[in-house]
A.B. asks: 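Okay, here's the structure, questions in a sec.
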6 protein chains.
Amino acid sequence: MNRLDGRAADQPRPVEVTTGFQRNAEGSVLYRAGRTVVLCTASVDPTVPPWMAGKGRGWLTAEYQMHPRSSPTRRESRDGRGKAPSGRTQEIQRLIGRSLRAALDLRRLGEMSITIDCDVLEADGGTRTASITGGFIALALALSRLHGSGLLTEPVLRDQVTAISVGHLEEGLALDLVYTEDSTARVDLNLVATPRGGIVEVQATAEDEAIPRHEMDRMIDLGFVGVRALAKTQLEALAHAGVDLPMLFQPERWVVL
Amino acid sequence: MNRLDGRAADQPRPVEVTTGFQRNAEGSVLYRAGRTVVLCTASVDPTVPPWMAGKGRGWLTAEYQMHPRSSPTRRESRDGRGKAPSGRTQEIQRLIGRSLRAALDLRRLGEMSITIDCDVLEADGGTRTASITGGFIALALALSRLHGSGLLTEPVLRDQVTAISVGHLEEGLALDLVYTEDSTARVDLNLVATPRGGIVEVQATAEDEAIPRHEMDRMIDLGFVGVRALAKTQLEALAHAGVDLPMLFQPERWVVL
Amino acid sequence: MNRLDGRAADQPRPVEVTTGFQRNAEGSVLYRAGRTVVLCTASVDPTVPPWMAGKGRGWLTAEYQMHPRSSPTRRESRDGRGKAPSGRTQEIQRLIGRSLRAALDLRRLGEMSITIDCDVLEADGGTRTASITGGFIALALALSRLHGSGLLTEPVLRDQVTAISVGHLEEGLALDLVYTEDSTARVDLNLVATPRGGIVEVQATAEDEAIPRHEMDRMIDLGFVGVRALAKTQLEALAHAGVDLPMLFQPERWVVL
Amino acid sequence: MNRLDGRAADQPRPVEVTTGFQRNAEGSVLYRAGRTVVLCTASVDPTVPPWMAGKGRGWLTAEYQMHPRSSPTRRESRDGRGKAPSGRTQEIQRLIGRSLRAALDLRRLGEMSITIDCDVLEADGGTRTASITGGFIALALALSRLHGSGLLTEPVLRDQVTAISVGHLEEGLALDLVYTEDSTARVDLNLVATPRGGIVEVQATAEDEAIPRHEMDRMIDLGFVGVRALAKTQLEALAHAGVDLPMLFQPERWVVL
Amino acid sequence: MNRLDGRAADQPRPVEVTTGFQRNAEGSVLYRAGRTVVLCTASVDPTVPPWMAGKGRGWLTAEYQMHPRSSPTRRESRDGRGKAPSGRTQEIQRLIGRSLRAALDLRRLGEMSITIDCDVLEADGGTRTASITGGFIALALALSRLHGSGLLTEPVLRDQVTAISVGHLEEGLALDLVYTEDSTARVDLNLVATPRGGIVEVQATAEDEAIPRHEMDRMIDLGFVGVRALAKTQLEALAHAGVDLPMLFQPERWVVL
Amino acid sequence: MNRLDGRAADQPRPVEVTTGFQRNAEGSVLYRAGRTVVLCTASVDPTVPPWMAGKGRGWLTAEYQMHPRSSPTRRESRDGRGKAPSGRTQEIQRLIGRSLRAALDLRRLGEMSITIDCDVLEADGGTRTASITGGFIALALALSRLHGSGLLTEPVLRDQVTAISVGHLEEGLALDLVYTEDSTARVDLNLVATPRGGIVEVQATAEDEAIPRHEMDRMIDLGFVGVRALAKTQLEALAHAGVDLPMLFQPERWVVL
């Protein structure tokens, strides 16, 4: 398979992680995967929404926003400005929220809220998976800071969560699609999963016609190749930022891959 | 497994279909699956949206709306009235639209638009899958009427599309969840598929923690049991309404199951 | 006078009432008058709006919504979706609410709220009067259920409320206009009244020029012919549903017509 | 009957009319009826809305707005600012528009639009009827100016339109209610009519219970007393402003009262 | 310099002030400066916004609204109706609020809110400065009434606030621009100031290119000429309305000019 | 004067400029002034708004957005999301647009539109002046690229535009306020100006009481100290990015400072 950027079919884009990019936030990551760039920001608030108050549990939610000039070709109006965010935006931010909540034991977090803002600064496909993968790093940075300041005494992470796309292209299956691949894929699958083999979320959509069941199975297999690679990148970036990830994990959960 | 309504784990709810319920629409179905009731209405418009004009292709879109008293316990405000529909509503209507477009060869439809309105009159879980399964019947009724009036000369259906949910409950996997099952399921999977074994869309969400890959595979297996059962129901309802479904299908596509 | 559907000038359309159509609601009626169909749903909530709290009185309000495919010719966008309902919609639902509040002694109802949802599934003129006439049946069903469950111990109805339209057509006056009659009527009058001869509301609008006073008087006379006929239909439908209407009425109010 | 302001039951409030109040508008009237003050402004635009273009007919529409400090007791937020105008506001401006269109032969007006802005500066009941009665004067002023400048060559008025309220109070029927009377009236009737005895619109609402038919008839009788008195006031104000009203009327229409 | 209306370069437009125009408001002024007319209305509310409660301080805010027919040429839609007010409107009402707060010692006012509504009835340039200058008179009228009724015992005014525009025209600097001057001015400066020589706000905008510093200084000099003239007009209008302005001022603040 | 960050009263914050930060935009600058960080993005569109079409002139507009976690203390909701941007936001983006249009000869630009997006990533006071100063650099980068690709053949810059704040603090006047200084300043002045001594815009607001005229003059003097310093920084950053600024300037305009 000849990919535009010379990658192998099972090779994710090169990732570059800058931690602490926004100095005010509890957790901040500038996440670059090829020409997709997302600024992931974790903010901690010591309260929970009214409907959750008094239950002793925490909450995590996400907001996703395309910068008006994230596209290579032209400026678009800022989605959701002066009107409700588009259905696509809302769908993505619900997905990011669900995915990162799967990483957390909300019961152990206690009554606090974490918001993950995902601002897409450059878009070349895979912005939702980059938001999840980068968002996990921002989340871990925030948890580490909470731990350091004594606001969190228990380990609250139960899984490391990573996301990647898989496409069903004319020439075969391919991992981590760029925009031009994505727009011609027969099927677009997003896998949110853990490096230990757990599935958090699968969304697979045949853009045109249905595909046979066994091809969907192969797509998930390929997705896990990417999940394991990106999980390693997450660990390295956190270690480089001085985060002791195992300490944030519940002991029974943490295994060396 | 003891289910509240006495069904076996792999048994969908009893379905009752009333065709022609709204006399003005090109296709209308009152679709009842247990205590979930959806009014599916197909309307045909002889134009396409501006961004599609001149391409010789058709379009299909869906709108989903909960009736304010669809819930057994109390009236809720009409979602999307006086403000943008909720993220959940938008996500569901995008799913219904994609799913039913997979059934159609839009190139053969010609420049016309079909809108599928899905009004949930009673809600007991599974409203999005009922909307797709009932929506397919409404679509076929409308196509049949277009055919009868000579506005459609080619067969435009390429697949029969059906949807069902599968849950990962405490006691095991179960097909076609009612509300109380759905709200406690560890994983909720919606399968949109064809009785010939093709997958149109899979959405699986671990509400709490990730689940192992092989359990996801078993859930899809179970989903196909439901898809084949509901596909038979669709065929019977259409036959009863005098619709010659094979005639609407592209010859190379139609196979006896 | 030759009417399109063969009716006499003083003859309302044939009415068909299905009670209990939505199983979840306290009161539900599918009300068909010719080719106008309204789903009337009464929901009871054990609270009142904040501005009424502590006064010991109940409240009733109505919501009116055209289904996007209620028109015979084409789908229209769902009024009020993503924006405020149109002036016409708001005017109609205020009328329905006022009309049905006239039937109730709100002081005896106690602090609870009743909402009447009127969803127009097919529209061929007279949707607001069908909403009121059908809405009264849904209201009586809900009151009967409250009575049966002991939540209501006093009779709270003080009048039976019914509504009908009268038109001033080229050929003369006519009762209960269908759409094509309505759109050419010189004057359109809606009468909300009781079979005992009481007027709850009159709205008469000369679409083009003013009309002489005495013609308005004759229109009201004709309206009462329809009110008495529809009141009989309401009684029969409620009796068929097992509702003991006299028991819901205040004794001094109830008279055999 | 003892009325708060000493009026007889069949006596309208004293009216004071200032024409030309806003110098920029084609027609402008500051209309004071007791402590209700409405600024009525007629603006002419030489086009019609798109849906009317090419039909050779004109259009008239109205906008109604309460000034935030029209109430004697306190400032209220400006209705419709930053959100849709309330149902009440929309209902009133639709009524004003219909009422004043009844005065005009839109076919003879030609393709132009007239907008009547009714800004309520002080509110003491009867703001909708004051808007119609004052709006007619503003309309006639604008037509007169169009005539003077040669933009209108035909007489386009076919009726003089006036509006007044009638209330069914504890002590009996009363004309032209002030706020405290209006808020306790058993029935509130608004009559839009012509001094020649034609009815343009009747809206009668029993706030609490239904009233007998014959009482409604007496209310309309009383309304016509007020209509004839206000029509005289309109004529005097226009004559004082130098408007030759008979010239604006179609000859066959104009009669000395 | 030849100005269209014959004024000298340093001469403001003739001002006409009608106090008590709206009888319901605590302070009301119809302020006419040439062909610019603003209705300024001061309303007093005995509470403060929630975020200010309990601080013992008062608040003042302003609302600015163009009447749809304020323009000489044609009706425009009512800004902010059914949608958010335009950026220009919001900017102006924030300016009016800040300017008039500078006149007040909010600490001595106590917990009450004053709203200044500025409704522009005719617009010929200078509507924001007319709103401030007229708004000050309405404010003083309201304070005087509060004083008279004993609700205010301390003097709360610390400055007399007046506003005027200065333009940099082709032919030189000019005070108090009318619309046609304003639209061709190279620089438009609005000065909000006190007759004692204090500056409350300066906003100077070069519409096209930057201007030298020393020209800006000359514009401010000219602005003060206008401020002193208008301050005299304010005093005369208030004296004529029977307001003892010195009594409302803090003694140490009040000086004869 | 002792400033919190040790600066002298006439010393602006240290500035760090990263050009080319967003790779897709025609001009991109990450502008850091102390702990205020703004991402300034210039996008070029080869059309103009409809109301400008056919005039042969270009247009420039700006959008300003606070990132939800720009504040050091806590996340705030994204201003303008799902509703209109606040009055403050609109006021600021109108200021940025006017200021940068002053730098351009729109007649020579030809029919194209430039949008400057200013996303505030960290906020410590002075975000509007940083947006203008950084926005000018982004604009020059975009113009240089247009020049390089031949889409622009004439020099279109006529001034170098820079902005800075000046505060009137308890201890004296100070340049380039940080947030804590800004919130206690008696007067806040924003100067948009050119290093050659031209004023584009002055906005000075006395937060509490008016200040004497001569103090305002001294504030402007101090502002020019900052404008000259920042103009030098702009030049250095552009030179470092390989932009030949003099070539973009109209020859008669460009002078060595």
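Letters A, B, ... mirror the listed sequences (proteins, then strands); counts begin at 1.
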A.B. asks: Of the backbone (N, CA, C, O) and the side chain (C-beta and beyond), which part of A/Ser86 lies under 4.5 Å from a heavy atom of chain B, both, or neither?
C.D. replies: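 Interface part for A/Ser86: backbone (N, CA, C, O).
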A.B. asks: Side chain from CB out, backbone as N, CA, C, O: work out which of these in B/Thr194 comes under 4.5 Å of a heavy atom of chain A, or both, or neither.
C.D. replies: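 Side chain of B/Thr194 only, per the 4.5 Å heavy-atom cut-off to chain A.
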A.B. asks: Counting heavy-atom pairs closer than 4.5 Å to chain B, which one of A/Gln90, A/Arg101, A/Glu215, A/Glu91 comes out on top?
C.D. replies: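 Top option by heavy-atom pairs under 4.5 Å: A/Glu91.
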A.B. asks: Heavy-atom pairs under 4.5 Å with chain A - which of B/His214, B/Met216, B/Lys83 has more of them than the others?
C.D. replies: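 That would be B/Met216.
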A.B. asks: Among the options B/Val161, B/Val192, B/Leu104, B/Ile199, pick out the one with the most heavy-atom pairs lying under 4.5 Å from chain A.
C.D. replies: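 Option with the greatest count: B/Ile199.
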A.B. asks: Is the count of non-hydrogen atoms from other residues, nucleotides or ligands lying under 6.0 Å from B/Arg186 atom CZ greater than 12?
C.D. replies: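 Counting other residues, nucleotides and ligands, CZ of B/Arg186 exceeds 12 neighbours.
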A.B. asks: If you measure from CD on A/Glu201 to CD on B/Glu207, what distance do you get to the nearest 0.5 Å?
C.D. replies: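 If we round to the nearest 0.5 Å, A/Glu201:CD and B/Glu207:CD are 8.5 Å apart.
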A.B. asks: For A/Ile220, is it the side chain, the backbone, both or neither that has a heavy atom under 4.5 Å from a heavy atom of chain B?
C.D. replies: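 A/Ile220 touches chain B through backbone and side-chain heavy atoms alike.
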A.B. asks: Quick check for you: to the nearest 0.5 Å, what is the distance between A/Asp208 atom CG and B/Arg98 atom CZ?
C.D. replies: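 Here the rounded value is 13.5 Å.
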A.B. asks: What is the distance from atom CG of A/Asp221 to atom CZ of B/Arg213, rounded to the nearest 0.5 Å?
C.D. replies: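 CZ of B/Arg213 is found 4.5 Å from CG of A/Asp221.
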A.B. asks: Please flag which part of A/Asp217 lies under 4.5 Å from any non-hydrogen atom of chain B: side chain, backbone, both or neither.
C.D. replies: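 Contact with chain B: backbone and side chain both.
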A.B. asks: In terms of heavy-atom contacts, does CD of B/Glu171 have more than 12 from other residues, nucleotides or ligands at under 6.0 Å?
C.D. replies: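 Result for CD/B/Glu171: enclosed.
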A.B. asks: Who wins among B/Ala84, B/Ala102, B/Ala204 for the most heavy-atom pairs under 4.5 Å with chain A?
C.D. replies: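 Heavy-atom pair counts peak at B/Ala204.
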A.B. asks: Tell me, side chain or backbone of A/Arg107 under 4.5 Å from chain B's heavy atoms, or both, or neither?
C.D. replies: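 The answer is the side chain of A/Arg107.
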